[in-house]
Every structure is written in C-alpha cells, then in structure tokens.
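Just the heavy atoms: all of them, side chains too, but no hydrogens, waters or symmetry mates, feed the values below. Just follow the structure's listing: the first ligand is 1, and inside any ligand the first atom is 1.
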Amino acid sequence: MVQPAENTVSHSDAPPEQHSAAIRKVEVLTTGWAEQHKEHRYGTWMPRLLWALTSQSWVELPINMFLIHHKDGPVLFDTGLDPAIASDPSYISQVIGRILVRRIFRFHIGERDGLKHQLQSAGVRPSDIRKAVISHLHFDHVGGVADIPNAELLVSAREWAQLSEPHPEREWILREHIELQGANWKPIAFEATDDPVLQPFGGVYDVMGDGTMMLIPTPGHTPGSLSMLIQSQEMPPILLIGDLAYDPELIFEDRVPGTGNKTQLWETYAKVRALKASLPDLVILTSHKKSELTVEGAK
Ligand SMILES: [Zn+2]
C-alpha cells in the first residue's frame, strides 16, 4: 500500500525482514536552478533562433538528476550541471555558444550544488558510483561525469554518434566536457524484447540484468535520448524521461517544447501515454520540474 507522507512514499506496512527488494530508494537530487524562456518550455510556432533572440519571459527550472539505491550499489540517472558554467567564462569553448547560452538560460548554481556535494549530502561517496545512465549528452546532464571516475557511463549509441557529426556544439553537446580523459563511456544498443508493455519503443537495455532498470529509446528532444523504467517490489513504477518533456503533464496535453524534433516528440509522447495506460500507477519524472519525491521500497 502506498502511503504518501510529506515528501516520501514509503511501504512500511509489512515487516522489512520479509523483503529483499532490489531497489530500496529513488531520490531526486538537484544541481542548482536555471531559468528558461516560456517558449522553450511550453512550445511556440516560432523557430528556435527567433524565440531565443526575442523572448522576454523567463520560467524557473531545477536541474535534476536521480539516485537509485539498488542492492548491488547506487546508480545515477544523469549527472546534472557543472557549477563551472556560472564561474568560468570560458566553460563553453565556442564564442557563439557562450553568447547564445546567456540568451537561452540564466544559471543559479554554486560550487556546493555540484554532483560531488549532492552525493555526499545523500550519504553516497562519489567513488562508489559504478554505473551512471546519461539520458542525452546536453551539458546540463553530463556536468558531473568528472566527479564519478569509477562509473561506467551508459549512453545510447545513437546519441553517442552525434559526437562524430559536424558541430555537435550547435546542439549544446560540448565535446570538451564529454570526451574527458579516463571517462568510461559505454554506448549501448537496444535489444528486442517480448515484453508487450515495452515492445512499442522498439528495444530495451537491461541496466542491472534483473529487469529493475530498463532503458528505452525516447527520441525527440535529441535523436538518441533515452528514458529509464524502474520497477521493483512494492514500489510504484517510475519512468525517468530526462528532457523528453520539461513537465510530464505536457505529454498528456500533447504539447511539444520549442526545441527538438516535433514529429519524433509526438511519436514518443504517444508511446509514453500508452505506457501510462498499461501501468496506471506509473510516476513520470523529468529533469526540469521541481520534485522532492523520494520513493522508498521495502528494505
Ligand atoms: Zn536537454
């Protein structure tokens, strides 16, 4: 039974010793705040460059990442924003990018907001992270990879291929913060599944080999964006969608943001709505909506 109590969903009505759930807890960690334009978040008829240069409206958003306490060790979904983006004027090596990023975002992030400190606050040593899933390669999702040197960094092979395309920086994929010495990137291919619930997505990747964390392709925001479905005993299923939508409600309103491939986004939104119809308890969490939810499973 689910008992929401303040920011926690817990399942304490059964003796803990009777359970050996693979996932104990899912936490939202936030690496600072930013502001984005209304047109960016909620969509517009305007092309991206036009709203970027003309919009005067700003909306606040958190830069979230997720910490999953699996019995085999903690796993991260995304690594957030690097505080250096606010303190180092040359964080973005291309001059045009440096100018444009100020038109598109305002950052509110300090040193203590970075991944290393967020993990320490959650009681996890950064060196204990052995696996991190990266939803896509935008700079506000890869900002902490240098803080977790022992982690295998899982990213879709399609997303990884963008690094070999001309000018990935024009799509906010900054090679200088991705191709770090010693970073253990692992581009993954999705495999066929006979799970009727996940089949429509065209493939899956089982992160832990036990079905508790399944990656699925959810293109649209970027061509190689992925989402992760978390399923464990006595816990509502959770879908982490990265930036597929900045607010999950927009998926149900079929309202795509002011960036990304609209046709792909609409196709993926329809698949996510079908998934929600199959799993009515599904909790959908995005990287850029405030959520203090902590989901605790049986210990
Ligand atoms: Zn993004």
Any N, O or S atom of Asp140 closer than 2.8 Å to the Zn ion (ligand 1): no
His136 near the Zn ion (ligand 1): N/O/S under 2.8 Å: yes
Check: His141 main-chain N/O paired with Thr79 side-chain donor or acceptor under 3.5 Å: yes
His138 atom (N/O/S) at minimal separation from the Zn ion (ligand 1): ND1
His40 and Tyr246 aromatic ring geometry - parallel, tilted or perpendicular at 30°/60° bounds: perpendicular
Name of the residue among Leu67, Val75, Leu115, Asp147 meeting side chain to side chain contact (heavy atoms under 4.5 Å, CB included) with Ile129: Leu67
Candidate pair Glu35 and Val59, rule side chain to side chain contact (heavy atoms under 4.5 Å, CB included), full reasoning: CA-CA 5 Å; Glu35 291 171 69; Val59 191; over 6 Å; no
For the Zn ion (ligand 1): the N/O/S atom of Asp243 at shortest distance: OD2
